[in-house]
**Student:** 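Let me begin by handing over the structure; questions about it come next.
Side chains are part of it too, since the values below use all heavy atoms of this structure and drop only hydrogens, waters and symmetry mates.
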Amino acid sequence: MLISFDVVSLFTKVPVDESIELVAELFEESTTNLFKACLKGSYFLWNGDYYEQKEEFEETVLSTAPLKPTIWYRYVDDTFVLWRHGRKNLDIFLDHLNKQQPDIQFTMEVEQNHQLAFLDVLVSRLGNRLDHKVYRKATHTDRYIHKLSNHHPSQKHGIIKTLS
């Protein structure tokens, strides 16, 4: 089964106290480990603040799950999963996900007609193989910003590049 999990309101649900404890643990480690954390970390800028994306949550979830997904790919708060253990066990896995951290809750979308939209990709299950193509929502109008709009030229160029 193709599955998509999405964190509900991720950035407003980050557990601050637990995050502070994790940072404090880093500073108790040796300088070498601190450098490793800085150099191997995944950082991003959001709303004027820098954040490090940690994978500790999902490592814990996956290592403690009684049944594990075959594939688990995450992009920020959206996760693409290949599940081979049936629908009943999928509901148990979702419950396991949602019990890990009360402030971090997931919604789930299950494939329909062997297809699942994930981000801007429509993934199709064809027997034992996966196929994909660009996905557009039913409400997509194929309308983009007008050439005379007041958008920065780099934004206009970016749209043209993505369409070619």
**Student:** Evaluate the side-chain proximity of L67 to F93: yes if any heavy-atom separation is below 4.5 Å, no if none is.
**Tutor:** no
**Student:** Going by heavy atoms in the side chains, are V123 and Q115 under 4.5 Å from each other?
**Tutor:** no
**Student:** Of L97, L94, V81, N98, which meets side chain to side chain contact (heavy atoms under 4.5 Å, CB included) against M108?
**Tutor:** L94
**Student:** For Q112, is the CD atom crowded, meaning more than 12 foreign heavy atoms sit under 6.0 Å from it?
**Tutor:** no
**Student:** Are side-chain heavy atoms of V7 and Q105 found at a separation under 4.5 Å?
**Tutor:** no
**Student:** If you define the side chain from C-beta out and look only at heavy atoms, does anything of L116 sit under 4.5 Å from F80?
**Tutor:** yes
**Student:** Identify the two heavy atoms, one from F57 and one from I104, that lie closest to each other, and give their separation to 0.1 Å.
**Tutor:** CZ-CG2, 4.2 Å
**Student:** For residues V121 and L126: do they belong to one hydrophobic cluster (side chain heavy atoms under 4.5 Å, members Ile, Leu, Val, Met, Phe, Trp, Tyr)?
**Tutor:** no
**Student:** Let me check something: do Y135 and I159 share a hydrophobic cluster, defined by ILVMFWY side-chain heavy atoms less than 4.5 Å apart, either directly or through other members?
**Tutor:** no
**Student:** Indicate if Y75 and V134 have the same hydrophobic cluster label, given that clusters are the connected sets of ILVMFWY residues with side-chain heavy-atom separations under 4.5 angstrom.
**Tutor:** no
**Student:** Hey, are the side chains of D142 and Y144 touching, using non-hydrogen atoms and a 4.5 Å cut-off?
**Tutor:** yes
**Student:** Please determine whether the number of non-hydrogen atoms from other residues, nucleotides or ligands lying under 6.0 Å from atom CG of D95 exceeds 12.
**Tutor:** yes
**Student:** Would the number of heavy atoms belonging to other residues, nucleotides or ligands and lying under 6.0 Å from OH of Y73 be above 12?
**Tutor:** no
**Student:** With a 4.5 Å heavy-atom cut-off, do F106 and D6 have their side chains touching?
**Tutor:** no
**Student:** Looking at CD1 of I3 and CG of L82, how far apart are the two atoms once the value is rounded to the nearest 0.5 Å?
**Tutor:** 8.5 Å
**Student:** Can you tell if the side chain of D78 reaches within under 4.5 Å of the side chain of F118, non-hydrogen atoms only?
**Tutor:** yes
**Student:** Distance from T162 atom OG1 to H157 atom NE2, nearest 0.5 Å?
**Tutor:** 13.0 Å
**Student:** Drop me the distance from R84's CZ to L90's CG, to the nearest 0.5 angstrom.
**Tutor:** 14.0 Å
**Student:** Not counting sequence neighbours, which residues clear ring pair (Phe, Tyr, Trp, His ring centres under 6.0 Å) with H85? List them please.
**Tutor:** W83
**Student:** Answer yes if L163 and I145 sit in the same cluster of Ile, Leu, Val, Met, Phe, Trp and Tyr residues linked by side chain heavy atoms under 4.5 Å apart, and no otherwise.
**Tutor:** yes
**Student:** When you compare the side chains of H132 and S124, does any donor N or O come within less than 3.5 Å of an acceptor on the partner?
**Tutor:** no
**Student:** Between the main-chain N or O of N150 and the side-chain N or O of K156, is there a donor-acceptor pair closer than 3.5 Å?
**Tutor:** no
**Student:** Any heavy-atom pair between the side chains of K68 and S63 that's under 4.5 Å?
**Tutor:** no
**Student:** For E111 and R125, which heavy atoms make the closest approach, and how far apart are they?
**Tutor:** OE2-NH2, 2.7 Å
**Student:** Determine whether more than 12 heavy atoms belonging to other residues, nucleotides or ligands lie under 6.0 Å from atom CG of D91.
**Tutor:** yes
**Student:** Assess the residue pair H96 and Q100 against the criterion (side-chain contact (heavy atoms from CB on, under 4.5 Å)); give the C-alpha distance rounded to whole Å, side-chain angles, the decisive distance to 0.1 Å, and a yes or no.
**Tutor:** CA-CA 7 Å; H96 173 72; Q100 300 305 305; 3.1 Å; yes
**Student:** Restricting to non-hydrogen atoms, name the atom on L62 and the atom on P69 that form the minimum distance, rounded to 0.1 Å.
**Tutor:** CD2-CD, 3.8 Å
